[in-house]
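Shown next, in structure tokens, is the structure this report addresses.
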Number of protein chains: 2
Amino acid sequence: MNKKLYHKVIDYINEEITSGNLTIGDLLPSETQLSKLLNVSVGTVRKAIDKLENSNLLYRHHGKGTYVSDYGFDNSMFNFFSYGSETGSSIRIYKTTPIRKKTTATTEVALQLEIERGADVIYLERRGYIDEKNPIIIEKSWWIAEVVEGLQKPNIHIPDLLYALIYKKFATQIITSKEVLTAGIADSKTAKILHINKGDPVVILNRYSYAKDKGLVEFRITTGRADMFSYRTTIGNNDY
Amino acid sequence: MNKKLYHKVIDYINEEITSGNLTIGDLLPSETQLSKLLNVSVGTVRKAIDKLENSNLLYRHHGKGTYVSDYGFDNSMFNFFSYGSETGSSIRIYKTTPIRKKTTATTEVALQLEIERGADVIYLERRGYIDEKNPIIIEKSWWIAEVVEGLQKPNIHIPDLLYALIYKKFATQIITSKEVLTAGIADSKTAKILHINKGDPVVILNRYSYAKDKGLVEFRITTGRADMFSYRTTIGNNDY
DNA sequence: TAGTGGTCTAGACCACATA
DNA sequence: ATGTGGTCTAGACCACTAC
């Protein structure tokens, strides 16, 4: 489809990660190794890694190498948690999947997934923990049924890194996720799960995930405690 | 301080923008022109513009040129507004400055600005409008007094693009802003100004602005209506 | 010292926009 | 046809990390 050479490199790295050959914290081949392996110049490899570093999938460590970061597709803006005034560095979130079922799309879900109302969808509800006790996020996720048919079966173990499973089991490679962040207040049901009071502020994140050759396949709503969440960016120059 | 050549280019462009020589929507000199002007290679110019494009200060238009965007220092994450399910493209916000005064730092402000409690600060309170009627954001801003001494005087006109004024009048060039986004609920005072109900969700953005050779000079809290705000990002590959 | 990523250059060629 | 940004190359040299 796209004839840019650096896509060859990006695709290669993406696939190594999505397939699980490379996972969080792993070291990539060096830039010169990759350039030989894929028959492109080092400059092209650098450009590809630049892009992936920019989208937080990789990070470089001068003198050591390039690593797979934990800010990839399987995570999200919700990596940026903070406790009071702490550093806000990434924290690993453990997930459970208390609800999974095959169902039909409501009007809202159909709209978001761009499918017909009443079409089959696979629904997952997950909870995210930083310790073993209290969930701090609730994740509701709808998948187009034909893409992940069988994911709802209780005998399938759903790992923390869901997308690696989706790739292996359903040959579906998530390439892009779009996220929209806003604020809201907790209803009584949400408040109960998150151990906060009804009416407390929550952060709401909508995610749309796109698979290679398949387009939009997942719509997800994540709700998190506002007091546990902050998102950080820098405008202007980072080097100063 | 830093011997990277592309900083020469970044500094040049930053100064052109901060000084007002170039402003939102303006066309930059072409890459070859810049490379001749600053005696660096085109590749170095490209690298500098890459960085500035990445931090949303500039955008390129293939075949036409490179332009100053409206996502610069003077704006922020709060550029990303949306109405219902619309595109969420950038919308110009008009600002008024109903309150300005010289005062002393509270414990909280002193902590954030890393100064002594009770030290002199200049306080500005601004409101942001998209139409002429109802403000959708409230901006409270504290500056280190010695940096912008006189800004509180009522005869100084405060433009929408505050940082251009700060540069011209106080020789202070804002280089970097760090922003931290979270959610909260409106207290009665805030709710009244924003025309929402007490307890409604709001988005809260803290900003720390750093000036060249001066370090941290401004701390700002912006509060916005959650129903008017959403922040968008993409994880993974943008090119697909 | 060897290997990694980081900067910089110079030039070829491609793709888009405009007149 | 000309000028702009976009891709790709090949190579020199620097800076950080490890042994």
Side-chain angles (χ1 to χ4, degrees), chain A residues 1-14 16-17 22 24-71 234 237-240, chain B residues 1-14 16-17 22 24-71 234 237-240:
Chain A
M1 188 75 88
N2 204 324
K3 49 225 152 352
K4 289 164 192 159
L5 240 192
Y6 64 75
H7 273 161
K8 195 172 169 182
V9 185
I10 288 180
D11 287 346
Y12 174 81
I13 295 172
N14 262 338
E16 287 291 295
I17 294 173
L22 288 174
I24 295 175
D26 283 358
L27 182 63
L28 264 72
S30 77
E31 296 176 350
T32 49
Q33 282 175 323
L34 282 173
S35 86
K36 281 169 192 160
L37 177 64
L38 300 171
N39 287 306
V40 297
S41 78
V42 180
T44 301
V45 172
R46 284 192 64 75
K47 183 159 197 169
I49 294 180
D50 281 350
K51 294 233 172 199
L52 294 174
E53 187 183 27
N54 234 293
S55 49
N56 277 325
L57 199 65
L58 305 176
Y59 63 92
R60 299 199 239 225
H61 196 145
H62 195 169
K64 293 175 84 174
T66 302
Y67 299 83
V68 180
S69 93
D70 54 356
Y71 292 97
T234 301
N237 206 309
N238 253 313
D239 292 350
Y240 283 90
Chain B
M1 188 77 88
N2 205 325
K3 48 228 148 350
K4 289 163 192 158
L5 240 194
Y6 63 75
H7 273 160
K8 195 172 169 181
V9 185
I10 289 180
D11 287 347
Y12 175 80
I13 295 172
N14 262 338
E16 287 291 293
I17 294 172
L22 289 174
I24 295 174
D26 283 358
L27 181 63
L28 265 72
S30 78
E31 297 177 349
T32 48
Q33 281 175 322
L34 283 173
S35 86
K36 281 169 192 161
L37 177 64
L38 301 170
N39 287 305
V40 298
S41 79
V42 180
T44 301
V45 171
R46 284 192 64 74
K47 183 159 199 169
I49 294 180
D50 279 350
K51 294 234 172 198
L52 293 175
E53 188 183 27
N54 233 293
S55 49
N56 278 324
L57 198 64
L58 306 175
Y59 63 91
R60 299 199 240 224
H61 196 144
H62 194 168
K64 293 175 83 175
T66 302
Y67 299 83
V68 180
S69 92
D70 54 356
Y71 292 97
T234 301
N237 205 312
N238 252 315
D239 291 350
Y240 283 89

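Protein chains get the first letters and strands the later ones, always in sequence-line order, with residue 1 at the start of each.
- Between B/Arg46 and D/dG5, a side-chain N or O to OP1/OP2 separation shorter than 4.0 Å is absent.
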Check the interface with nucleotides 14-19 of chain D: list each N/O to N/O pair with the protein under 3.5 Å, or write none.
unit_1 : atom_1 : unit_2  : atom_2 : d
D/dA15 : N3     : A/His62 : NE2    : 2.8
D/dA18 : OP1    : A/Lys64 : NZ     : 3.3

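- Spacing between atom CG of B/Leu5 and atom C1' of D/dC13 amounts to 13 Å, rounded to whole angstrom units.
- Here the closest heavy-atom approach between residue B/Leu57 and residue B/Asn14 is recorded as CD2-OD1, 3.3 Å.
- Side-chain contact between A/Ile49 and A/Leu34 is present, with at least one heavy-atom pair separated by less than 4.5 Å.
- Within residues 27-35 of chain A, no residue is approached by DNA chain D to less than 4.0 Å at the level of any non-hydrogen atom.
- Between the A/Glu16 side chain and the A/Ile13 main chain, no donor and acceptor come within less than 3.5 Å of each other.
- Here A/Val42 lies out of heavy-atom contact (under 4.0 Å) with every strand.
- In this structure, A/Leu52 atom CG and C/dG5 atom P are separated by 14 Å, rounded to whole Å.
- One atom, OH of A/Tyr6, and another, P of D/dC8, lie 7 Å apart when rounded to the nearest Å.
- Annotation: side chain of A/Leu58 is in contact with side chain of A/Ile17 (closest heavy-atom distance under 4.5 Å).
- Of the candidates C/dT7, C/dG5, D/dC8, the closest approach to any side-chain atom of A/Lys4 belongs to D/dC8.
- The distance from atom NZ of A/Lys47 to atom OG of A/Ser41, rounded to the nearest 0.5 Å, is 10.5 Å.
- The residue among B/Glu53 and A/Thr44 whose nearest nucleotide of DNA chain D lies closer to the 5′ end is B/Glu53.
- For the atom pair NZ (A/Lys8) and CG (A/Leu5), the distance works out to 6.0 Å, reported to the nearest 0.5 Å.
- Between the CG atom of B/Asn54 and the C1' atom of D/dG5 there is a distance of 16 Å, given to the nearest Å.
- Remark: B/His7 NE2 to B/Lys51 NZ distance equals 7.0 Å, nearest 0.5 Å.
- To the nearest angstrom, P of D/dC8 lies 10 Å from NZ of A/Lys51.
- Rounded to an integer number of Å, the gap from B/Ile49 CD1 to C/dT7 P is 16 Å.
- Rounding to the nearest 0.5 Å places CG of B/Leu28 at 8.0 Å from OH of B/Tyr12.
- A/Ser69 contributes no side-chain N or O that, together with a main-chain N or O of A/Tyr59, makes up a donor-acceptor pair within less than 3.5 Å.
- Atom NZ in B/Lys47 sits roughly 14 Å away from atom P in C/dG5 (whole-Å rounding).
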